[in-house]
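Below is one structure, written out as structure tokens; comments come after it.
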Amino acid sequence: MVRRTPWLLSASVANLCFLYAPILVLILFSFNASRLSAAWQGFTLEWYRLLAEDEALRLSVWNSLLVALVSTLVATGLGVCAAIGLERHPFRGQKVVESAMLLPLVIPEIMMGVSLMLFFLLVKLPLSLITVTIGHAAFNLPIVLVIVRARLRKLDPSLEEAARDLGATPWQAFSRVTLPLLVPAMWGSVLLAFTISLDDFIVTFFTAGPGSTTLPLYVYSMVKSGVTPVINALSAILVVVSMTLIGASLALQRR
Amino acid sequence: MAEPSVELREVSKRHGDTLAVDRLSLTIRRGEFFSILGPSGSGKTTTLRMLAGFESPDAGDILIDGRSVRGVPPNRRPVNLVFQTYALFPHLTVAGNIAFGLEMRRVPRADIAARVQEALDMVRLQGKQDRLPAQLSGGEQQRVALARALVNRPAVLLLDEPLGALDQQLRADMQVELKTIQERVGLTFICVTHHQEEALTMSDRVAVMQQGRLLQVGSPRDIYEAPQSAFVAGFIGISNSLAGRIETVNGARCTVRAADLPSGFSVVARCPVGAGVGAQATVVLRPERIHLSADVQLNGYDNVLPARVSKAIYNGSETQYVLALSDRLSWQVRVPNIGNGQQRFQPGTPVFLRWHADEAVVLSE
């Protein structure tokens, strides 16, 4: 039996405060009636109402959702294929390919953003929602790959052989046995990729063109003209949505 | 002889630098319970995987029901495999697992339900059809794996170490049950195992393999009582062996003298065919064929050797003695527990081993 020491308890509380106090303050002040957000002057939903009326904001939210959805679907499709290829069909030079595919996880995002922008300029693809989506798919691909592959590695390879033995073609064995068993991991990676895409600023900043403002870019432009409680309200919503998605992702990966 | 169900003709398979299966030829009869027995690395699992179609032979041919299966993928072979790990589909129920093969072969839906029920009855899992594999015990999972394969009515059922994951008691029960099911369905069963007792209990015939080569094929009785090599003798149960030279030949009998025996003693045994005086010979003797006595007299036996008890292990149904015949030679003897009045020998006491000449097998190299 583990004895709970007061020391351990206070360390945990301090840790949680360090992580979540700023976020709690932010959410709290999104309901603050004061325009200067320094002191509490009573409860209001005014900032949320202003948010709802902001036409440009609504467009940026729509852009963000569209980019997140499409880039997640692309990254999931490619990532699942890559995971199966790497895990089940070993080939020469596999290690090199593997490291190359995981590189976006470790290189600084700003480098990725700049290089993507230069690449798009080089191939003369005008910066737009399309380039943003491609950029997001690029950094989401290794995330899907890592999660799906971990699940695949835990599956007994004889399951697919059993299906083949029972009369399934290779495709039936995959679609009837392997794929259903990968679904929880796929949902986990979809939610994680979707959240990261939704929150991304740096890559988006370099790959977005006129008319392709996403939510984080819009928030940034709002902040440049001074921090208003509207930003608190918007951030509060983003925090809650992101945490919900990440929580769901973790729950699905654990299955 | 019944017509062959499976024929392997000079089948070879290489894995990297090692020859996993070396020119293996076997004929397995229809409706036979056939076991391939061998230690790990003997090529038995590779042989099974070639029958199932997961690996293809480098040379030679495999015929199932008289037709070559060269190039035929696993899903189009008339065989089904019970995997060592069972490989049950974790996302499907028991009924879903059993129905899988029928669905793949497009059996009408109404027939599927009836056949799944029939398979469940056969393995005594009625009422468990809606469980998931994770909710079953090891023995129940084993039965599902068996039902999932049998429901397809394959020409040949392949079993890969079928009882390996079960505990001792369950293993003994399942040995009998597997044999009963096989007799009832009348299918050809080919079972791969490293467990000699399992192979002897269930099989009509046993093939012993070592390092990719077939050493001996025969009934369990042949394999146990007339091993043709020292490896088979040693692998099938415990055996005592004595390496020496044939000293005299007298009709069907010969005497073998060995350096490991106490001086002045030799062993009388059946003379191996074609062996003459001076030939190398190994005498192999099962531990339960030796009679222990405190008495040096032959009393109708052909052989008597002195020894000293070094260990006596009582395990209920029998007592296992480890006996030192000389500094270099140690034998095991098993004495069944026949109740009160039986003479017991304590470690350190001298004892005499007696046996009939025909109880020993003599292998001549």
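Just so it is clear, the model here is predicted, and its values are computed rather than measured. The chains referred to below are lettered A, B, ... by the order of the sequence lines, with proteins before strands, and numbering in each begins at 1.
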Original post:
Between atom CD1 of I143(A) and atom OG1 of T195(A), what is the distance when rounded to the nearest 0.5 Å?
Top reply: 9.5 Å
Original post:
Taking every heavy-atom pair that is under 4.5 Å apart, which of R77(B), E103(B), H91(B) has the most such pairs with chain A?
Top reply: H91(B)
**OP:** Please report the closest heavy-atom contact between S5(B) and V156(B), naming both atoms and the distance.
**Re:** OG-CG2, 3.5 Å
**OP:** Side chain from CB out, backbone as N, CA, C, O: work out which of these in L158(B) comes under 4.5 Å of a heavy atom of chain A, or both, or neither.
**Re:** neither
Original post:
About how many Å separate CE of M209(B) and CG of L37(B), when rounded to the nearest 0.5 Å?
Top reply: 11.0 Å
Original post:
Just wondering, do V219(A) and F201(A) contact through their side chains at under 4.5 Å, heavy atoms?
Top reply: no
Original post:
If you measure from CE on M104(B) to CG on N75(B), what distance do you get to the nearest 0.5 Å?
Top reply: 10.0 Å
Subject >> Contact origin within Q84(B) toward chain A - heavy atom pairs under 4.5 Å >> reply: neither
Subject >> Test salt bridge (Lys or Arg N to Asp or Glu O under 4.0 Å) applied to D204(B) and R30(B), R29(B), K179(B), the passing residue >> reply: K179(B)
**OP:** Select all residues of residues 142-154 of chain B having any heavy atom within less than 4.5 Å of some heavy atom of chain A, and report them by number, or 'none'.
**Re:** R148(B), N152(B)
**OP:** Let me see the working for Q117(B) and R115(B) under side chain to side chain contact (heavy atoms under 4.5 Å, CB included), right down to the final yes or no.
**Re:** CA-CA 5 Å; Q117(B) 193 54 50; R115(B) 280 170 70 173; over 6 Å; no
**OP:** Sort by residue number and list every member of residues 183-190 of chain B having a non-hydrogen atom under 4.5 Å from chain A.
**Re:** none
Original post:
Among M101(A), E98(A), E87(A), which residue meets the side chain to side chain contact (heavy atoms under 4.5 Å, CB included) test with L145(A)?
Top reply: M101(A)
Original post:
Strictly by modelled atom types, are S242(A) and D199(A) linked by a side-chain donor-acceptor pair under 3.5 Å?
Top reply: yes
Original post:
Quick one: CG on L217(A) to OG on S60(A), what's the gap to the nearest 0.5 Å?
Top reply: 8.5 Å
Original post:
Just by distance, with hydrogens left out, do S40(B) and H194(B) show a side-chain donor and acceptor under 3.5 Å apart?
Top reply: no
**OP:** Could you tell me which portion of R105(B) (side chain, backbone, both or neither) has an atom closer than 4.5 angstrom to a non-hydrogen atom of chain A?
**Re:** side chain
Subject >> Residue-level interface, residues 155-176 of chain A with chain B, non-hydrogen cut-off under 4.5 Å >> reply: D156(A), S158(A), L159(A), E161(A), A162(A), A163(A), R164(A), D165(A), L166(A), G167(A), A168(A), T169(A), Q172(A), R176(A)
Subject >> Gap separating the CD1 atom of I98(B) from the CG atom of L92(B), nearest 0.5 angstrom >> reply: 11.0 Å
Original post:
Quick one: CG on D200(A) to CG on L215(A), what's the gap to the nearest 0.5 Å?
Top reply: 12.0 Å
Subject >> Residues of residues 49-64 of chain B contacting chain A, heavy-atom criterion under 4.5 Å, by residue number >> reply: R49(B), A52(B), F54(B)
